[in-house]
Every structure is written in structure tokens, then in C-alpha cells.
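What follows is a single structure, written as C-alpha cells, with notes after it.
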Amino acid sequence: MNRDEFMRRLAQALRDMPEEERRRALEYYENYFDEAGPENEAEVLRTLGAPEKVAADILRDFAENDSAQNRNHTKDHIHETKERATEGARQMKDRFQTMDSGQKLLVLVLACVALVCIVPACFGVIGGIGGILIALVCVVAVVFLIVPVLDLAAWGCAIGFAIAAGVNVVSNPPVALCFIGIALICAAVGILLWQLTVYLFRTTFPALIRGIADFFRRLLGRS
């Protein structure tokens with residue numbers, strides 16, 4: 001492997017980097033070869049190793065630096081947001097202090113009126129959401145109850161057709177065979193519905209109840 005092949009493979013391995021960062025990395029190793037000179041090219045290639053390994057180190061360093069920059073940017077954004085909020089509160093406090101007694105009284109009255117109007121509305125919204133969730137639970141509960149009822153009906157049909165097949169097995173064998181087939185189909189449906197019932201009441205329904213309970217717990221914890 002010579003210098004040209006090393007640089008070609010390195011450029012190929014760095015193809016997923018941003019173009020500017022990729023160009024800088026390739027220029028760095030071009031300059032590295034230039035400073036070492038043609039007579040030391042073999043030694044440089046031996047020291048650097050495989051270009052794919054060099055590319056992996058470059059990509060790892062780039063990812064770490066990029067992650068650190070993102071964290072710093074997030075911290076700066078949070079700090080700026082806090083500063084703006086603090087400055088806004090300070091300005092509101094200064095404005096309130098510069099008001100005369102009549103203006104302060106008017107602001108307090110308006111704040112009380114707003115509080116009286118907003119609090120019942122919030123309770124109404126919370127109650128409406130709770131009512132919707134309870135209605136959904138009731139609907140789901142009805143659906144869950146329908147499944148075992150259908151299961152019982154399927155088993156009842158299977159037993160009924162089996163009895164009918166027994167009654168007609170001597171007098172009318174073809175009809176008996178038909179009844180036996182229908183009874184087996186009903187039994188298969190009953191087995192499937194039984195498995196579905198077990199699954200619903202062991203996993204889905206308890207998980208739904210826990211989810212709703214957690215939702216109300218978080219809702220009440222925030223209020």
C-alpha cells in the first residue's frame with residue numbers, strides 16, 4: 001500500500017462525515033505525509049496502520065465532540081430561558097411597585113376574578129377527561145364480557161349439535177355427520193374464545209386498569 005491508496009481508502013471510509021470535517025481530516029493526513037517526505041512514506045504507513053482504523057478513530061472523536069457541543073448548546077439554551085423568565089418576573093415586579101394604590105388594587109381584583117374563572121374551568125376539563133376515560137373503561141369492560149358470553153354460546157352450540165348428531169346417527173347418518181362437523185367447528189371456536197378470554201383478563205384488562213390509575217395518579221400529583 002502506498003500513500004495514494006491510503007488516502008483513497010481513508011476518503012472512502014470517511015464518506016459519512018460532513019464535507020467540511022472530512023476535507024480537514026484528509027488535508028491533515030496529506031500534510032502529515034508531506035512533512036514526513038517521500039523517503040519516510042513507508043514508515044508513516046506502518047505507523048498509521050490501516051486507513052479504516054484511522055477513519056474509525058476520526059469518526060469516534062468527531063461523534064464525541066459533536067455530542068459535547070450539543071450538550072453545551074442545550075445547557076446554554078436552558079440558561080438563557082431561565083434568565084429570560086427571571087428578567088420577565090423582575091420587570092413585572094418593578095412595574096407593580098411603580099403603580100399607585102388604585103392600580104395595584106385593580107390588578108389584584110382582576111387576578112382574583114381570573115382565578116375564580118380559571119379554576120372551575122380546569123376542574124371541568126379534568127372532570128370531562130375523567131368521564132371520557134371512565135366511559136372508555138366501561139366500553140372495554142362490556143367488550144371483555146361479551147367474549148366469555150360468546151365462548152359459552154359456542155360451547156352450548158357444540159354440545160347441542162353433538163346431541164343432535166347422536167340422535168340422528170342411526171336414522172340419518174349423513175345428517176349426523178353434518179351435525180358432528182358443525183359441533184367440532186363450534187368447539188374450535190369455543191377453544192379460541194376461551195384462550196382470548198384468558199388473555200384479556202390476565203394481561204390486557206389489568207394493564208388497562210393500571211394505565212388509567214397511573215394517569216390519574218400523575219394528574220393528581222401535578223395538580
Side-chain angles (χ1 to χ4, degrees), residues 9 11-19 22 50-53 55-60 62-64 66-67 70-71 73-74 77-78 116-223:
R9 288 168 58 182
Q12 178 66 18
L14 296 177
R15 62 186 180 277
D16 293 332
M17 281 186 69
E19 185 60 31
R22 180 170 176 269
E52 289 76 17
K53 180 179 179 299
D57 294 336
I58 294 172
L59 291 172
R60 184 179 63 253
F62 174 75
E64 291 176 354
D66 188 56
S67 177
N70 289 336
R71 287 196 297 269
H73 178 73
T74 302
H77 179 70
I78 293 174
V116 170
C117 295
I118 291 173
V119 170
C122 293
F123 279 110
V125 172
I126 295 173
I129 295 173
I132 293 173
L133 291 175
I134 292 173
L136 289 175
V137 171
C138 293
V139 171
V140 172
V142 170
V143 172
F144 282 11
L145 291 175
I146 288 175
V147 175
V149 170
L150 292 176
D151 183 38
L152 292 175
W155 282 110
C157 290
I159 295 172
F161 280 110
I163 294 173
V167 171
N168 291 276
V169 69
V170 176
S171 61
N172 197 344
V175 173
L177 289 175
C178 181
F179 284 159
I180 290 174
I182 297 174
L184 291 175
I185 293 174
C186 292
V189 173
I191 292 172
L192 292 176
L193 290 173
W194 170 250
Q195 295 295 327
L196 179 59
T197 301
V198 172
Y199 176 78
L200 290 176
F201 281 92
R202 282 187 178 178
T203 57
T204 306
F205 192 71
L208 180 63
I209 296 300
R210 285 196 300 270
I212 294 173
D214 291 340
F215 172 78
F216 278 106
R217 192 180 299 113
R218 289 194 298 267
L219 188 64
L220 295 175
R222 293 177 181 176
S223 59

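The structure displayed is predicted, hence computed values, not measured ones. What's counted below: heavy atoms across the whole structure, side chains too, no hydrogens, waters or symmetry copies.
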Problem - Shortest non-hydrogen separation from Phe161 to Cys186 and the atoms involved - result: CD1-SG, 4.4 Å
Practice task
Keeping the roles fixed (side chain from Arg9, backbone from Glu52), state whether a donor-acceptor pair exists under 3.5 Å.
Solution key: no
Exercise for the section: Side-chain contact test, heavy atoms from C-beta onward, threshold under 4.5 Å: evaluate it for Leu177 versus Pro173 and give yes or no. Expected result: no
Completion exercise
In this structure, CD1 of Ile58 is separated from NZ of Lys53 (nearest 0.5 Å) by 10.5 Å
Completion exercise
Of all heavy-atom pairs linking Phe179 and Ala164, the shortest is CD1-CB, 3.5 Å
Handout entry: Straight-line distance of Leu152 CG to Trp194 CH2, nearest 0.5 Å
Key = 9.0 Å
Practice task
Would you check if the side chain of Asn172 reaches a backbone N or O of Asn168 as a donor-acceptor pair within less than 3.5 Å?
Solution key: no
Practice task
Enter the distance from Leu150:CG to Leu192:CG here, rounded to the nearest 0.5 Å.
Solution key: 12.5 Å
Practice task
Would you give the length of the straight line joining atom CG of Leu59 to atom CG of Asp16, rounded to the nearest 0.5 angstrom?
Solution key: 7.5 Å
